[in-house]
Protein chains: 2
Amino acid sequence: MRCSPSKNTEERIREAARQVFLEKGFDGTTSRDIAEAAGINIALTNYYFRSKEKLFISIFDELIQLFFEGMFCILNKPIGLREKITELVEHDFQLMKSNPSLCIFVMNEIHRNPERMANAVEARKQFQQSVFDEQLRREAALGHIRSIEAMHLMVMIVSNIQFLFISKAMHIRIWHMSEEAFDAFANRHKGIVIDMITNYLFAFESV
Amino acid sequence: MRCSPSKNTEERIREAARQVFLEKGFDGTTSRDIAEAAGINIALTNYYFRSKEKLFISIFDELIQLFFEGMFCILNKPIGLREKITELVEHDFQLMKSNPSLCIFVMNEIHRNPERMANAVEARKQFQQSVFDEQLRREAALGHIRSIEAMHLMVMIVSNIQFLFISKAMHIRIWHMSEEAFDAFANRHKGIVIDMITNYLFAFESV
DNA sequence: TCCTGTTTTAAACAAACGTTTAAATTTTAA
DNA sequence: TTAAAATTTAAACGTTTGTTTAAAACAGGA
């Protein structure tokens with residue numbers, strides 16, 4: 001009993017909730033949706049988690065961590081700027097490709113309910129403590145790159161990748177695209193974005 | 001009686017619905033929310049519009065048009081590319097600044113319910129018939145700019161602007177920003193984005 | 001004035017919502 | 001084997017949901 005044998009049921013609820021919340025959002029999800037997706041009785045969601053809200057927070061915190069952890073990890077790598085930027089783009093792209101609803105879900109839930117971003121302080125600290133900021137200043141002082149604040153560069157990187165997937169449904173609808181056609185487009189766009197950003201950073205003296 | 005004297009009430013409902021839907025999304029909005037915001041009886045929303053869904057579609061179509069019309073207008077202007085790109089960025093920025101919830105609302109509703117993008121064909125036609133595509137090819141053939149598909153360039157422009165406002169709530173939360181601080185950041189970022197994109201397009205031979 | 005059609009209201013509707021109950025079932029440890 | 005604990009179930013709880021009803025209030029023309 002100690003090391004709960006209910007892990008199975010609890011984890012099944014978590015997985016079902018993760019899927020349904022990501023797909024429909026908090027407001028669009030009902031307790032019965034989750035129970036049905038998990039193949040369990042409705043009452044069990046409130047037996048393991050105490051309410052729909054508490055279950056959501058648990059899932060949301062997990063997804064927020066997934067959303068950030070990889071990026072922070074790369075920011076602290078002891079590698080060159082050019083390589084680091086490429087890695088940041090590639091990682092973000094892969095994360096979005098593997099979890100197409102993640103970004104719009106996170107943005108939407110925070111937009112509608114900002115206090116859900118409870119770990120904001122944690123994210124800020126991790127970003128401030130990273131090597132990235134100092135690395136940018138050093139390279140700029142040496143004249144290797146254009147001088148730019150870390151925040152602007154980060155927003156640049158994630159904007160160009162994440163918006164692709166935020167607007168995916170719209171693109172597919174407007175351009176009569178198949179999933180494969182969109183993937184191909186997104187891949188090409190990723191390459192262009194890497195070019196554009198590195199070009200902006202490194203090829204600034206040619207003017 | 002002919003030319004309905006109820007225009008007042010109907011428009012009051014529309015305005016209230018627009019505000020509440022933008023703020024809370026379709027799922028998060030109740031009929032009573034709208035009635036209360038409009039200061040009218042609940043039954044009136046179904047008297048003028050036949051259901052919550054029909055009222056939403058009416059508002060949504062109006063917002064989709066607001067979302068696109070300005071952009072299409074600029075795309076067809078008889079002006080140079082550099083100026084056109086700057087105008088596209090500035091217009092998008094102003095639109096997002098005036099309607100901070102518009103973008104995430106549109107993206108979210110289409111993501112959750114793609115068939116709501118009923119006017120997709122219309123948007124595609126307007127884009128395809130615009131001068132922009134041809135303009136890009138001409139300038140590229142003349143060697144004035146780097147060769148790039150119109151779609152990639154458009155996505156570039158809107159990504160960098162719209163994502164700013166999609167992630168606004170998150171930024172404000174993470175960085176303890178005031179509205180004013182965010183506005184200042186966004187303004188600086190807009191300038192950087194214009195530099196980056198024009199630099200990518202026009203300064204490509206310096207390599 | 002009274003009549004006709006429009007607009008607004010309070011009240012109610014059935015259905016769906018998140019949640020709880022209390023009993024049934026299964027698991028655990030002695 | 002047995003009794004206590006943990007898990008699962010069907011059923012119901014009181015609210016809130018979108019929507020409808022039927023009557024009231026209001027308008028303009030005869």
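For the numbers below, each heavy atom of this structure counts, side chains included, while hydrogens, waters and symmetry mates do not. Reminder, nothing fancy here: chain letters follow the sequence lines and each chain counts from 1.
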- [ ] Mind calculating the distance between CD (B:Glu36) and P (C:dA10) to the nearest angstrom?
- [x] 14 Å
TODO: For the side chain of B:Ser31, starting at C-beta, report the closest nucleotide among D:dT8, C:dT20, D:dT19.
DONE: D:dT19
Open item on the list: Is there a side-chain contact between A:Phe21 and A:Glu109 in this structure, where contact means two heavy atoms from C-beta onward sitting under 4.5 Å apart?
Closed with: no
Task: A:Lys52 NZ to C:dC17 C1', straight-line distance once rounded to whole Å - done: 9 Å
Open item on the list: Which nucleotide wins on minimum distance to the side chain of A:Tyr48, given the candidates D:dA10, D:dT7, D:dT20?
Closed with: D:dT7
Open item on the list: Would the distance check show the side chain of B:Glu87 and the main-chain N or O of B:Arg82 forming a donor-acceptor pair, the cut-off being under 3.5 Å?
Closed with: no
Task: Interatomic distance, B:Asn46 CG vs D:dA22 P [rounded to whole Å] - done: 16 Å
Open item on the list: Can you confirm whether B:Glu62 is buried at CD, in the sense that more than 12 heavy atoms of other residues, nucleotides or ligands lie under 6.0 Å from that atom?
Closed with: yes
- [ ] Kindly point out which of D:dT9, D:dT19, C:dT8 is positioned nearest to the side chain of A:Leu44?
- [x] D:dT9
- [ ] Compare all side-chain heavy atoms of B:Ile194 with those of B:Glu90 and state whether any distance is below 4.5 angstrom.
- [x] yes
TODO: State which of D:dA12, D:dT19, C:dT7 makes the closest approach to the side chain of B:Arg32.
DONE: D:dT19
- [ ] With DNA chain D as reference, determine whether A:Tyr47 or A:Ala43 sits nearer its 5' end, using the nearest nucleotide of each.
- [x] A:Tyr47
- [ ] Would you mind reading off the distance between A:Leu55 atom CG and C:dG18 atom P, rounded to a whole angstrom?
- [x] 11 Å
Task: Nearest-angstrom distance from the residue atom CD1 of B:Ile13 to P of C:dT7 - done: 11 Å
Task: Separation of atom CD in A:Glu53 from atom P in C:dT19, rounded to whole Å - done: 9 Å
Open item on the list: Counting only side-chain nitrogens and oxygens, does A:Thr9 get under 4.0 Å of the OP1 or OP2 atom of D:dT7?
Closed with: no
Task: Gap between atoms CZ and P, on A:Phe49 and D:dT7 respectively (whole Å) - done: 13 Å
Open item on the list: So B:Ser51, base contact, sugar-phosphate only, or nothing? Heavy-atom distance under 4.0 Å.
Closed with: sugar-phosphate
TODO: Compare the minimum distances between each of C:dT20, C:dT19, C:dT9 and the side chain of B:Asn41, then state the nucleotide with the smallest one.
DONE: C:dT9
Open item on the list: Whether B:Arg173 and A:Glu115 form a salt bridge (side-chain N of Lys/Arg under 4.0 Å from carboxylate O of Asp/Glu) is what I want to check.
Closed with: no
- [ ] Find the distance B:Asp27:CG to C:dG18:P and express it as a whole number of Å.
- [x] 11 Å
